[in-house]
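Here is the naming used below: chain letters follow the sequence lines, and residue numbers restart at 1 for every chain. Note: hydrogens, waters and symmetry copies are ignored here, and every other heavy atom, side chains too, is used. These figures come from a predicted structure and were not determined experimentally.
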Amino acid sequence: TDSFNYATYHTFDEINAFIDNLVNENPNLVSKIQIGSSYEGRPLNVLKFSTGPNRPAFWIDTGIHSREWVTQASGIWFAKKIATDYGKDASLTNTLNNIDILLEIVTNPDGYVYTHKSDRMWRKTRSPNSGSLCVGTDPNRNWDAGFGGPGSSSNPCTETYRGRAAHSEPEVKAIVDFVKSHGNIKGFVSIHSYSQMLLFPYGYTTARTPDHNELNTVSRNAVNALASLYGTSYTYGSIIATIYQASGGTIDWTYNQGIKYSYSFELRDTGRYGFALPANQIIPTAEETWLALTKLIEHTRDNLY
Amino acid sequence: MENYSGQQVLRIFPTDEDQVNLVRALEDLEHLQIDFWTSPTKVLLPIDIRVSFRNLQSVKVYLESNNIQYSIMIHDVQSLLDEEQNEMRRNRATENARS
């Protein structure tokens, strides 16, 4: 993985080869867990960074919306960063001596393959919809948190189609089952693009979470850290107050499951290139996002509940 | 591969709730095949939509006739994607040569 090109976009097969290489190079730190299979049968791979058994964990996923390519590319960079810095960077070493990091780089593999082979702007999963010619469900409207409410669609032909039922998508159900069976995930970050935002629950209701003030403070610290590298400006706040009402979202579900430290990023940019962010922005995006992620992870590590 | 030649991404700036609703109404017109890159939800939040070449003129006329401000965020989506593909090809060729 030293010679892997982190400054370009990669196919699903290339990412899986990277994952296998990273595991082979770091057998005492990194392992691969297959938490399920996509609708079309592709593996849902999660990288586990761990130095001991029975630890609490911090989850990161990228690429649940397949066209948001900078997120999967950043996920690859995070994986290498974690493997490289353990034992060298004091904070990360402290983190991994206390908690595990779980990283799902290609959370919607069918959609990702489809963006490479057929339609670069595909967002949803690739499961068929009974009674409709339109394919796919928005996996960020498919969670059992205000499922079916405002900010999601019942029309399979829209980009925000919620699916026939909560957790109908195998890509979502696999995470649901994993989170429940793990039982000790303390932080959860789901990464999207674009708009440059750091968000926390809720998205389906205007009600503030009991942890609103803490999440707000931690988010402020995280976006300040992010901006310190290249001056990239992020807004932050609850989903509904900052961006829009969205029901059935990932981090509303994880928060309601008891994962207090649940966040979502919208990475670069603010609207020059949108989903077609040039590859020369991958590494700067990943670098600055890592600074923010580090703040979120450290706060979780130091405030286990 | 789906071809996006001539397709544009428009950045719309709604100034009041009525304009947000007018943009939202475009979502229901499935024949226009508009791809909402950001959703129409709030005044002052820009709305980005990808519009096919075939429907570009009618969407622009719709916005202008309703006095809704917009700018062209991406003039030709395909040219961006071509550059993306070229960059990936160049990198792959370099990797192959190296190995």
Side-chain angles (χ1 to χ4, degrees), chain A residues 3-11 14 65 67-70 73 114-123 132-134 138 141 150-153 155-160 192-195 197 203 235 239-246 266 269-280 282, chain B residues 1-4 7-14 20 24 26-52 70-96 98-99:
Chain A
S3 61
F4 189 85
N5 188 347
Y6 297 89
T8 189
Y9 293 113
H10 291 275
T11 65
E14 289 168 348
H65 285 150
R67 64 184 173 184
E68 297 165 7
W69 277 14
V70 73
Y114 199 73
T115 61
H116 278 268
K117 292 190 171 167
S118 299
D119 183 351
R120 171 66 181 83
M121 288 302 147
W122 191 259
R123 162 187 167 101
S132 173
L133 290 174
C134 295
D138 183 345
R141 299 291 185 278
S152 68
S153 171
N155 179 351
C157 296
T158 61
E159 296 291 0
T160 54
H192 293 255
S193 73
Y194 60 96
S195 287
M197 292 175 175
T235 53
I239 297 169
I240 198 165
T242 309
I243 182 165
Y244 45 64
Q245 186 165 22
E266 296 281 351
D269 55 14
T270 51
R272 179 169 180 195
Y273 298 105
F275 302 121
L277 195 71
N280 63 13
I282 292 172
Chain B
M1 281 294 277
E2 184 82 24
N3 192 296
Y4 290 97
Q7 297 202 13
Q8 293 188 344
V9 177
L10 306 180
R11 171 154 282 202
I12 301 166
F13 304 93
V20 173
R24 193 176 287 141
L26 289 170
E27 275 186 303
D28 298 327
L29 304 175
E30 282 182 23
H31 67 280
L32 290 178
Q33 295 180 309
I34 293 174
D35 176 14
F36 280 79
W37 283 18
T38 60
S39 293
T41 50
K42 284 180 185 169
V43 178
L44 301 177
L45 270 186
I47 304 158
D48 301 337
I49 60 172
R50 178 175 57 80
V51 188
S52 66
Y70 70 92
S71 63
I72 299 171
M73 179 173 132
I74 298 174
H75 282 266
D76 180 23
V77 174
Q78 190 59 45
S79 64
L80 269 186
L81 301 186
D82 288 343
E83 179 50 38
E84 190 177 74
Q85 283 299 315
N86 289 338
E87 187 274 338
M88 288 171 72
R89 259 185 237 113
R90 279 196 301 272
N91 277 298
R92 213 159 276 138
T94 307
E95 306 257 325
N96 289 340
R98 191 167 55 196
S99 47

Non-neighbouring partners of B:Tyr4 that pass ring-ring contact (aromatic ring centres under 6.0 Å, His included), sequence neighbours left out: none

Distance-minimising heavy-atom pair for B:Met88 and A:Trp69: SD-CZ3, 3.8 Å

Atom group of A:Arg123 that falls short of 4.5 Å from chain B, counting heavy atoms: neither

Structural part of B:Glu95 lying under 4.5 Å from a heavy atom of chain A: side chain

Chain B contact via A:Asn280 - which portion, at a heavy-atom distance below 4.5 Å: neither

Worked check of side chain to side chain contact (heavy atoms under 4.5 Å, CB included) between B:Arg98 and A:Asn5: CA-CA 12 Å; B:Arg98 191 167 55 196; A:Asn5 188 347; 5.7 Å; no

Value rounded to 0.5 Å, distance of CZ in A:Arg272 from CE in B:Met73: 10.5 Å

Chain A contact via B:Asp35 - which portion, at a heavy-atom distance below 4.5 Å: side chain

A:Thr242, part contacting chain B, at a heavy-atom distance under 4.5 Å: backbone

With sequence neighbours excluded, residues passing ring-ring contact (aromatic ring centres under 6.0 Å, His included) with A:Phe4: A:Tyr6, A:His10, A:Phe18

Between OG1 on residue A:Thr158 and CG on residue B:Asp28, distance to nearest 0.5 Å: 9.5 Å

Exercise: identify the closest heavy-atom pair between B:Lys42 and A:Ala241: NZ-O, 2.7 Å

Closest non-hydrogen atom pair, B:Ile74 against A:Tyr273: CD1-O, 3.7 Å

Contact origin within A:Ala7 toward chain B - heavy atom pairs under 4.5 Å: backbone

Best-contacting candidate, A:Ser153, A:Gly271, A:Pro278, against chain B by heavy atom pairs under 4.5 angstrom: A:Gly271

Any A:Met121 side-chain heavy atom under 4.5 Å of B:Trp37 side chain: yes

Taking every non-hydrogen atom, the tightest pair across B:Asn91 and A:Thr8: ND2-OG1, 3.3 Å

Salt bridge present between B:Arg92 and A:Glu14 (N-O < 4.0 angstrom): yes

Side chain, backbone, both or neither of A:Thr235 within contact of chain B (heavy atoms, under 4.5 Å): neither

Residue among A:Thr11, A:Leu277, A:Thr270 with most heavy-atom pairs under 4.5 Å to chain B: A:Thr270

Where A:Cys157 and B:Glu30 come nearest, the two heavy atoms and their spacing: CB-OE1, 4.1 Å

B:Glu84 and A:Arg120, any side-chain heavy atoms less than 4.5 Å apart: yes

Separation of A:Asn155 CG from B:Glu27 CD (nearest 0.5 Å): 10.0 Å

Non-hydrogen atoms of A:Tyr194 and B:Arg11 that approach each other most closely: CE1-NH2, 4.3 Å

